[in-house]
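These notes concern the structure reproduced below.
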Amino acid sequence: MNLVADASVLQNPAAVAGLIARAQDPQRERWLDQVRHTGACRHPIRLRGVITQGEQLVYSTATEPDRALMVRCGNRRAECCPSCAREYQGDMWQLVCAGVAGGRKGVPESVAEHPQVFATLTAPSFGPVHNQPDGGRRCRCGRQHPDDDPSLGAAIDPATYDYEGAVIWNWHAPALWNRFVVELVRALAAGCGLGERQLRELVRVAYVKVAEFQLRGLVHLHAIIRLDGAQDRADAPGLSITAEQLCNAIRRAGRRASFNGDAGNAKTVELRFGKQLDTRVLHDADDGRELTPEQVASYVAKYACKGSHHAITRRGADPDQLRENGVPEQLVQMAIAAIRVSARAGLEGVGKWVHMLGFRGHFVTKSRGYSTTLGALRDDRARWRSDRDEQLVDEDEDEGETVPVLAAWEYIGCGYLNPGDVLLAAGVEAAIRVAREAVLELHRGPPDEAWLTG
Ligand SMILES: [Zn+2]
Ligand SMILES: [Zn+2]
């Protein structure tokens, strides 16, 4: 952002006062350092506190600008904080890549040889919606919709579309996934002529899955499913199963998985996945459709940072407010249906997930042992950062003797102190972005964007 060119800034007295105050602040450079440290987080958490080593005070926020230390907000939604979302996305990429390719972040190299499949399980239909059928055919409404048509995903006949059924499907999607995993073990066992228990003694199903909101407001589940040895993920499965056989088992399990979910007011409804089910083999150079670990990792990481819609950022979404913010009517209707459904006995909980159109699962979930953990990645990064800064605790002096380091923190607030600081932070954000793009240009290699949007 060019601060000078943005004349509206000068109309805002609070922004001007803030800019002047920071310009006169003798600790201005240190404040900018802090902003850089958070990666120009949009809503940094401000902390007050001290670090002591034994008896000695080694750090105190008392000497910091505004007597506070700023740390990242950690929000994973790109609409809320691009910087923190990017960091989360990077972690997710590492996590998935380690799980697929092995040989990094403590995941054994051998997993790359295990059968692995990238599968997409879809939601069923709750009424026809405007879409772009394959092969250039027309939509059911008779028109051919361009890519940017805002009516894409909207019900063709809103009067008959089952919005409440759709919300209830989202609500139970995590449970339906669990049924799918059970069915997958069953299908694998049947395919090998074994009992389920025998199969479990030889093979463990490991996965990472991510939920993606479609334009119609229902979630799709994308999953990387890998077969490991039952005892140790480094071992190959205890019997020979090809990736193709795994694909077949996934398709069979996807068709069979069903779950009797609470529909409220003492009724139940049978939930199933949609008919569309896609499976792609990973690491199979022969079938010409190979996905590289980097590509799948980018795909999963991308969806890990998306919510129901970029304009829906808060809990308790109010339908009028959503319309005002430009949220498509299909999703507004889903939100209204979620509010209606939450009035039913047994489904009161849906009321807390209106902003997610009823979906309450985590965006990313993984089975134990699939890959490294987000916690481990965060620790790695923290260690790298403190090595780099060495400003907080100087460990040179103690020779083998460990002195306990204690930190006591207190939350003061969230966000910047005034609109002037917000502007300065936006300038830092822009500078970081330019630098990153320059580095990317130099390295060109990671995510293949064309594949991602395709
Ligand atoms: Zn942030
Ligand atoms: Zn149409």
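Whatever order the structure lists them in is the order used to number ligands and atoms, beginning at 1. Model, not experiment: these values are computed from the prediction. We number each residue from 1, following the sequence as shown.
Residue contact annotation: Cys80 places no N/O/S atom under 2.8 Å from the Zn ion (ligand 1). Residue contacts to the Zn ion (ligand 1): His43 brings no N, O or S atom closer than 2.8 Å.
Our summary of the site lists the angle at the Zn ion (ligand 2) between SG of Cys141 and NE2 of His145 as 110°, to the nearest 10 degrees. The Zn ion (ligand 1) forms the vertex of an angle spanning SG of Cys81 and SG of Cys41; to the nearest 10 degrees it equals 110°.
For the residue pair Thr279 / Arg251, a side-chain donor-acceptor distance below 3.5 Å is found, with atom types taken as modelled. Side-chain contact check for Arg72 and Ser83: at least one donor-acceptor pair (N or O, by modelled atom type) lies under 3.5 Å.
Evaluated for a ring-ring contact (aromatic ring centres under 6.0 Å, His included) with Tyr207, the options Tyr370, Phe118, Trp177 yield exactly one hit, Trp177.
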Handout entry: Verdict with supporting geometry, Gln132 and Asp147, side chain to side chain donor-acceptor pair (under 3.5 Å)
Key = CA-CA 8 Å; Gln132 299 169 302; Asp147 287 349; 2.8 Å; yes
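When you scan the N, O or S atoms of His130 for the one nearest the Zn ion (ligand 2), you land on ND1.
Remark: Leu218 CG to Tyr163 OH distance equals 11.0 Å, nearest 0.5 Å.
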